Amino acid sequence: MNLTLNPEHQTFADEVRAFVRDNLSPATREKTFSGKHYDRDDHIVWQKALGRKGWLAYTWPKKYGGPGWDVTQRFLFENVLAEEGAPRILPFGPKMVGPVIYTFGTEAQKERFLPGIRSSEVSWCQGYSEPGAGSDLANLRTRAVREGDHYIVNGQKTWTSFAHWGDWIFCLVRTNTEAKPQEGISFLLIDMKTPGVTVRPIIMTDGAHHVNDVFLDNVKVPVENLIGKENEGWTCAKFLLANERLGIAEVPSSKRGVSMLRQIARIEPLDGGTLADDPAFTAQIADIDLQVQALEMSELRVLSTMAQGGAPGPEVSTLKVRGSEIQQRIAELTMEAVGEYAQPYQPGMLFHDTNETPIGPDHAPPAAPRYFNMRKTSIYGGSTEIQKNIVSKMVLGL
Amino acid sequence: MNLTLNPEHQTFADEVRAFVRDNLSPATREKTFSGKHYDRDDHIVWQKALGRKGWLAYTWPKKYGGPGWDVTQRFLFENVLAEEGAPRILPFGPKMVGPVIYTFGTEAQKERFLPGIRSSEVSWCQGYSEPGAGSDLANLRTRAVREGDHYIVNGQKTWTSFAHWGDWIFCLVRTNTEAKPQEGISFLLIDMKTPGVTVRPIIMTDGAHHVNDVFLDNVKVPVENLIGKENEGWTCAKFLLANERLGIAEVPSSKRGVSMLRQIARIEPLDGGTLADDPAFTAQIADIDLQVQALEMSELRVLSTMAQGGAPGPEVSTLKVRGSEIQQRIAELTMEAVGEYAQPYQPGMLFHDTNETPIGPDHAPPAAPRYFNMRKTSIYGGSTEIQKNIVSKMVLGL
Amino acid sequence: MDLSLSDEQKQLQESAERFAREKYTFENRRKIAATERGWLTENWAQFAELGWLGMAFSEEDGGYGGGPIETMIVMEQFGKGLVLEPFLPTVVLGGGMIARAGSADQKAALLAPMIEGKKQFAFAWLERQSRYNLADVSLKATKEGNGWSLSGHKGVVYNAASADEIIVLARTAGSAREPKGLTLFVVDAKAKGLSRRDYPTQDALRASELTFDKVSVGADAVLGKVDEAFPVVEEAVDRAIVALCAEATGCMDAINAATLEYIKTRKQFGVPIGKFQVLQHRMVDCFTNAQEARSMTLMASLKIDDKDPTVRAKAASGAKVQIGKSGKFCGQSAVQMHGGMGVTDELSVSHYFKRLTMIDLMFGNQQHHLTRYSNLAMAA
Amino acid sequence: MDLSLSDEQKQLQESAERFAREKYTFENRRKIAATERGWLTENWAQFAELGWLGMAFSEEDGGYGGGPIETMIVMEQFGKGLVLEPFLPTVVLGGGMIARAGSADQKAALLAPMIEGKKQFAFAWLERQSRYNLADVSLKATKEGNGWSLSGHKGVVYNAASADEIIVLARTAGSAREPKGLTLFVVDAKAKGLSRRDYPTQDALRASELTFDKVSVGADAVLGKVDEAFPVVEEAVDRAIVALCAEATGCMDAINAATLEYIKTRKQFGVPIGKFQVLQHRMVDCFTNAQEARSMTLMASLKIDDKDPTVRAKAASGAKVQIGKSGKFCGQSAVQMHGGMGVTDELSVSHYFKRLTMIDLMFGNQQHHLTRYSNLAMAA
């Protein structure tokens, strides 16, 4: 057992770091460290650069055009990207639908869809949640009725992140209303340009527009866009959720968050010194720092099991639970570090390129909005309550 | 609205204080402040003194021999007793069975039982829990079968505090096995000297003997010992539980605990000074101090409603929940204040009069045992989980 | 000891409750927040008419002889409605300091019209480096003939854009962070040399950054004694804290009620989610937290008039700790139990959550006041 | 990076697991705790035979070339069984300090027989005033001819009654709490002038108060360099902390398993109480806590050999914080979910709870190590 890197891995990490420094736009990098929201180009330009290098679909096996990295390489790649201020890779293509397609799709589907995902030429979004089916996903009502070589899809999806940027959406739809809830569901790919697809923004409490309602009104979808067998979409859904849960702990960005928080504490004034002099505050940083370390090590233990051929089990749910608590706590402490100057609401500084000077310190504008916004992390991707139900049932047998 | 005392109440408080100082044995008082366990005499001698003064059954109306105090007087009485180091009044007679008897009993029963409770001549204990009926009290199995003018009682009670000191036990027994669980229960008074009553000690994790199993083997109980109607004992049980929940928050003793904790922090050495110099520790004392204040004020608000004729509702359950958390936290902080010297186990210092000097400071011996022992407060008298179920259902309508 | 409301207090509670319920529906509030001032003059006029602007002042100061309990009653209902009118900066802070420290002339010129609804105030104490230290003031006031000249910066000044007068805490002597050497000045909001940068806050209130560039004021602009403002400010802020605590209890009642309603109706897995025991217990904890917040606010309101400044400070800090803790618990829990809906702009829950969060940050957060309380309690 | 156990390590784990399972049933342990020594010589002999006493020492020191991972593996199983044999004071602390600081002669005289199971040690560092400050030492060693004379008091010295030699931390120079000026002495447990007051601890181990009244030792009793013991002690204690953390993870696994089993079988309201969602989620939290404890212990075990003392100290303190937090959560939760049974002496749960509680208090509790970690992390 050891935690040290061998020379090849060390070289690899250096190579990744050099790549990020050469290819990530300084303006995008700056948004990461100032806490601004990214716009579409921040994500896509960067992802295309990764795509050209063959690194966007970095978890994929070589067979499907991935780099075929080992667990340590993945770990290093994710950490270096976060340290260097790269935006997170939007997961919908490379982490979600891509693996579903290469695992359950036909050869034709693989040829058609995988290249655009690997290159980031095609943007994807996820059509899972519905107004009446959030935690209770199996209760979804969006209907797909077979008519000849098409499905006619009707229904509403909600909480669809970046639907307003998406070229395609992968949807869970009900193809059999008479089967048990989980048995009549299919996994369908829908071109967002198809007539009948409408996107309506949902504005978050911080004023941001990330998520949307997606209305599907008599949308005609060719049968060849079905992944796997009809009525067996739940298998894809479960596969995808398990994949999602692992990366969703967001350890690398939380590590960056802790180090930014320490920086802020060293800047924020307090009684003639700085907040870094206040042991009550620094103890709270230390506490969250240690929580991040515990989470990272737990994740490494899971990855190590996977490296030896094991599959991530339902216990990764607990990583997602802690990961979201940690992101929330870092955001909370960051806001508390800013103090009274977290109160001004400065949308210009959050959403736009602007020459205005911020009110308060540079790190003030995103502090409170980020705190509000981060509450979502314990809700999306299966709420904390749902994750604990899963572990209770699947791991503990309760 | 005001929190100030009028002159009559001020005089009353002085009178109570003078009484405690004149009547409480210095050895008993000393046990309170050193955290030793009381023996039977500590309780009974003190309670008899209160009884002679007419203050033992201090919550009772004048009609039944109580002092008929108002809410402020009760509040002052409880606080002064705690401040002066009096042991808590064992609730089984004056707070539990006494009010049940004067509320549901016949005139003959009142005449027979109330005087011995008021004077502490007769000690009572409570026969509620059974091995299979803890939280689920209605599931109790102890049977009482009517034979002529007696009941024949068979079964087992458990967690019976001070059964080994008790003259009488009040029991919930099943008199009808065919009714719904709560409908076949009766409230029965049993003389502990009756043949067939056996007491077996249960030793707690700190080595203390407070609770017992009580075995009832063909115990012959006269029918006149039934309180209320046969099969309607659940009414008495609920009435008693609601009464119990209020006092069980133990605010006055927690106030004393906080002040003792501050004293200990001023004594415990730390880096050449004392623990009182450590802001991380004193902040934790401040936090629990404020929790006690919030609880006290919440209790006063309930008492104020009662003073205007309202009855304490199920929301007092939350007072019990917080009260137990607070007692546990004070015990925990006290142990942490002692540090490494909480490790020696010193039963001699806990249970006996001894001339030995303690290992470590005088306040060390009870620190860890008390922490272990206090875990029971969120279990007995209806566990925290049960209390929250009650509030959820009865108050919130969930 | 008596914890019951008088008949007058009950009436006050009813009328404040009615105001919040009728004038601050979710949609109304959104419209009010979008106006230029961010609040409605007609509402302010109604406050004056109902006597709320003068209720907590003595009769000799032109008020109606109430006190902290009346303030608590009204602020609690303001919290339920998320009321936007600048009651706290104008009445509690501005009015409170003038009543405590003002001369007869100042009371006549400022307090009387405020009670009539004709004057509003803002209180400028914070600077970039101050954090929660009320004495960390470097805006300088220097003697200039008979009067004074003020230069420096003040930040996050609530209601500065609507105020007629800004009450400014300035350093007239002493070194950085010394409580001694601070003086309060009443400055005309339109004074020459005073510039503003206005903005909304996270919770839809209005505040400003102020720059003072040699702003001249007369000798009569001094509120209270020169160099001796600190105790006045500390008391005023303690009173403001208790008023904020009352507002927060109102927010908590409202957010808990909304969440309870939501979990009774929102269905998942075929049942209302309020049937799940984990949510039931969390909901119970929310109500317990609100109960404790109410208890501590009431206690602080009853103690804030105490002659002993330590009693007053402990009461205010103690209540603020509880409010910080309870507000966070209720706010975060409400968002979580609302699921995705809780993080959108479309339901009231996120607005209560934001207000509760900002209240914690005002005049010192939970941690700050825990330390303050702890130091006072250990010194005793 | 590689987190898999070698085949030898897996075998070690199995044999330690078997020992704890077979020799430390609940009833067996109760009997062992009631013996005069509080542990069994036959078990100690078995440790020697299985090579556990020497596994973590280098081959040149007569050991078997393992390290912290081997210690972790064995301690974890000891935690599962609540094993009472004095492995920590003798092997981890005593053996560790001798290996690090001892002369060749001392290693031959002390370490070799220890590995053979023929010598036991105790480490006397704490004094009444020390709390968790390893440098707060006032027991004095003064020069006496060629040797030294020790006078003063040591407290809560684990295994002092069974030890052949007591390793004593004494002040030879410097002022109170100065890290410089401390020296380690190896003192014969039967030395003249050394008296003991023995007692059991809360968790059924054995410790003693020691009084040194002019205890004379030779020059060869000094372990390491005069006045330079502090770094040796700090490292030894960091290693002991990590070993304790491993023991605690074993305790947590056992207490969680017992609780899970209990809530699956104990019925109330007609169903196993494990059907109640609140208990289910709490049980999940217990397992998550144990997982985190295991992760931090593993990380600390992998970092404790680092050349940089800061890396080592941060790893040890970080793990101790996690163990404190997780141990408290699992322990308190287990008692609560066991209901009344959890607070009696009759089930294993209360014994695990007591051990977890005492582990938190040993060598600095959660708060102490959070502060230590925080200071080191902010200094970086």
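Residue numbering restarts at 1 for every chain, and letters A, B, ... go by the order of the sequence lines. The model shown is predicted, which means the values in this text are computed figures rather than measured ones.
In this structure, the separation between CG on C:N375 and OG1 on B:T282 is 6.5 Å, given to the nearest 0.5 Å. To the nearest 0.5 Å, atoms CG (C:D2) and CD (B:Q308) are separated by 7.0 Å. Atoms OG1 and NZ, from B:T4 and C:K303 in turn, are 12.0 Å apart once rounded to the nearest 0.5 Å. Atom CG of B:L290 and atom CG of C:L370 lie 7.0 Å apart (nearest 0.5 Å). Put simply, CD1 on C:I73 and CE on B:M1 are 7.0 Å apart, with the number rounded to the nearest 0.5 Å. Here CG of B:L396 is found 11.5 Å from OG1 of C:T259. Values are rounded to the nearest 0.5 Å.
Contacts between B:E296 and chain C at a heavy-atom distance below 4.5 Å are absent for every atom of the residue. Neither the backbone nor the side chain of B:L295 comes within contact range of chain C, judged by heavy atoms closer than 4.5 Å. Only the side chain of C:L302 has a heavy atom closer than 4.5 Å to any heavy atom of chain B. With a threshold of 4.5 angstrom between heavy atoms, C:K314 does not approach chain B through any atom at all. Only the side chain of C:Q277 comes within contact range of chain B, judged by heavy atoms closer than 4.5 Å. Only the side chain of B:Q291 comes within less than 4.5 Å of a heavy atom of chain C; its backbone N, CA, C and O stay farther away. For B:N389, the parts lying under 4.5 angstrom from a heavy atom of chain C are both the backbone and the side chain. Using a 4.5 Å cut-off between heavy atoms, C:S4 touches chain B through backbone and side chain atoms alike.
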From CA spacing to verdict: side-chain contact (heavy atoms from CB on, under 4.5 Å), B:M297, C:R294:
CA-CA 9 Å; B:M297 198 67 195; C:R294 167 156 291 111; over 6 Å; no
Report the C-alpha separation of C:L279 and B:L398 in whole Å, then their side-chain angles, then the decisive distance to 0.1 Å, and conclude whether the side-chain contact (heavy atoms from CB on, under 4.5 Å) test is met.
CA-CA 10 Å; C:L279 298 198; B:L398 289 171; over 6 Å; no
Go through the steps to decide whether B:R322 and C:E292 satisfy the test side-chain contact (heavy atoms from CB on, under 4.5 Å), and finish with yes or no.
CA-CA 10 Å; B:R322 281 294 199 240; C:E292 290 170 316; 2.7 Å; yes
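Between the side chains of C:Y373 and B:D289, at least one donor-acceptor pair of N or O atoms lies under 3.5 Å.
Contacts with chain B were tallied for C:L298, C:V321, C:L376; C:L298 has the most, counting heavy-atom pairs under 4.5 Å. With chain C as the partner, the residue from B:L300, B:I285, B:N6 showing the most heavy-atom pairs under 4.5 Å is B:L300. For the set B:K388, B:Q284, B:R266, B:H9, the entry with the most heavy-atom pairs within less than 4.5 Å of chain C is B:K388. In terms of heavy-atom pairs under 4.5 angstrom with chain C, the leader among B:V71, B:L5, B:L3 is B:L3.
Heavy-atom neighbours of C:K328 NZ from other residues, nucleotides or ligands within 6.0 Å: above the threshold of 12.
Between B:Q293 and C:M296, the closest side-chain pair of non-hydrogen atoms falls below 4.5 Å. With a 4.5 Å cut-off on side-chain heavy atoms, B:R262 and C:M378 count as touching. In this structure, the side chains of B:R301 and C:Q291 come closer than 4.5 Å at one or more pairs of heavy atoms. At least one side-chain heavy atom of B:D287 sits under 4.5 Å from a side-chain heavy atom of C:K325.
Checking side-chain atoms of B:S298 against main-chain N and O of C:S295 turns up no donor-acceptor pair under 3.5 Å.
The nearest pair of heavy atoms linking C:V284 to B:S392 is CG2-N, 3.7 Å.
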